[in-house]
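See structure below.
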Amino acid sequence: MSGHYNLVSWNVNGLRAAIKKGFLELLLEQKFDIVCIQETKVSPDKLPREAKNIPGYYNYFVSAEKNGYSGVGIFSKQKPLDLETGMGIRKFDREGRFLRADYEDFTLMNIYFPNGKASQERLEYKMDFYEIFLDYANTLKADGKKLVICGDVNTAHKEIDLARPKQNEMISGFLPEERAWMDKFVAAGFIDTFRMFNPEGGNYTWWSMRTGSRKRNVGWRLDYFFVSENLQDNVKSSSIYSDIMGSDHCPVGLELEF
DNA sequence: TCGGGCTGTAC
DNA sequence: ACAAATGCG
DNA sequence: GTACAGCCCGACCGCATTTGT
């Protein structure tokens, strides 16, 4: 069995706006075998025709019940053997944050984890989502599945993962409890693939739009590719495409070799 | 995220 | 049809 | 009385939707 997969994950901050800024080029160049996107902010019936008719790709979407909110999607050259559109828990599934695609060589999960900044309630919702997801991933792992987990995790794991750690210790996205969950997730055997190759600070995937932070690189690393330990040897590279514009996040990438 | 305006403390 | 306000991040 | 560190607060951008005229 041998194969090569080039994957990319991108929080596009509104798919329709991203398309106007040239998002579809990423697909038309055919460089990636699988493209995972988050924050599509669109329901399937409002999705532009051209996004559904990209030569060479199957496409799958879930959306929130609330209009213009959340939503994730996958473009895939290979047709997955199976597709799941949620974790099976209504309070999470109604926000369109989870897609799972099963391939012969691995199981892919594309996730837009909740943002906890708005209120205490939303922080609790985020922490609940984290716990349920870890249970879900551990169950698949116990089955011997090879897991690839990507998306917007909405937490910077360590001090090295954001430009202003001290100022944000009490802000959702870098709270002790959020970071502790990421410790637990990693301890459970899920590998932050970017750190397999790059130990340096200054590598971020999100920059605030409000004060021109991106050109000064005042950012956070919120977007990740994780793999289960049984896939570690198949990881060929993991990257941050910080020069690709069109969203307040930039894409992250993973190359797998079987 | 960043600056202004306010407080308090140190010298 | 356009402008302003709102919700969310 | 001046200097400085620390805290609080508000404006800030962009997407999509809803509301108002």
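Keep in mind that the numbers below use all heavy atoms, side chains included, and drop hydrogens, waters and symmetry copies. Every chain is numbered from 1 and lettered A, B, ... according to where its sequence line falls, protein lines coming before strand lines.
Taking the side chain of A:W206 as heavy atoms from C-beta on, and the options C:dG9, B:dT1, D:dA16, the nearest nucleotide is B:dT1. Of the listed nucleotides (B:dT1, D:dT17, D:dC15), D:dT17 has the atom at the smallest distance from the side chain of A:N67. Of all nucleotides listed (C:dC8, B:dT1, C:dG9), B:dT1 comes nearest to the side chain of A:V218. Distance from the side chain of A:M209 is smallest to D:dC13 among D:dC15, D:dT17, D:dC13.
Using a 4.0 Å heavy-atom distance criterion, A:W207 is classed as making no nucleic acid contact. At the heavy-atom level, A:D152 lies nowhere under 4.0 Å from the strands shown. Counting non-hydrogen atoms under 4.0 angstrom, A:R216 reaches the backbone sugars and phosphates but no base. As judged by a 4.0 angstrom heavy-atom cut-off over every strand, A:K20 is placed among residues making no nucleic acid contact.
Ion pair A:R97/A:D152 not flagged as a salt bridge, since none of the NZ, NE, NH1 or NH2 atoms sits closer than 4.0 Å to an Asp/Glu carboxylate oxygen.
A sub-4.0 Å separation between OP1 or OP2 of C:dC8 and a side-chain N or O of A:K41 is absent.
Rounded to whole angstrom, the span from the OH atom of A:Y125 across to the P atom of C:dC8 amounts to 13 Å. Residue A:N11 contributes atom CG, which lies 17 Å from atom P of C:dC8 at whole-angstrom precision. Rounded to whole angstrom, the span from the CZ atom of A:F23 across to the P atom of D:dG14 amounts to 20 Å. Put simply, CD1 on A:I171 is 8 Å from P on B:dT1, counting in whole angstrom units. One atom, CG of A:L123, and another, P of C:dG9, lie 13 Å apart when rounded to the nearest Å. Counting to the nearest Å, the P atom of C:dG9 and the NZ atom of A:K66 are 8 Å from each other. For the pair A:R214 CZ and D:dG14 P, the computed distance is 13 Å after rounding to whole Å.
When the options A:F98, A:F129, A:Y224 are evaluated for a ring-ring contact (aromatic ring centres under 6.0 Å, His included) with A:F113, the one that passes is A:F129. Checked options A:T155, A:D161, A:N203, A:T205; the residue passing with A:R221 is A:D161 (criterion: side-chain hydrogen bond (donor to acceptor under 3.5 Å, both in side chains)). When each of A:F32, A:F258, A:F225 is paired with A:Y5, the ring-ring contact (aromatic ring centres under 6.0 Å, His included) condition holds for A:F258 and for no other.
Comparing the same atom, C1', in B:dT1 and in C:dG9 gives a spacing of 15 Å after rounding to whole Å.
For the pair A:Y69 and A:K41, the minimum side-chain heavy-atom distance is 4.5 Å or more.
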Tabulate protein N/O versus nucleotide N/O from nucleotides 6-12 of chain D, keeping only pairs under 3.5 Å, one per line.
none

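A:E39 and A:N11 are linked by a side-chain donor-acceptor pair at a separation below 3.5 angstrom, with hydrogens and angles left out of the test.
In terms of modelled atom types and a separation under 3.5 Å, the side chain of A:W10 and the main chain of A:H249 share a donor-acceptor contact.
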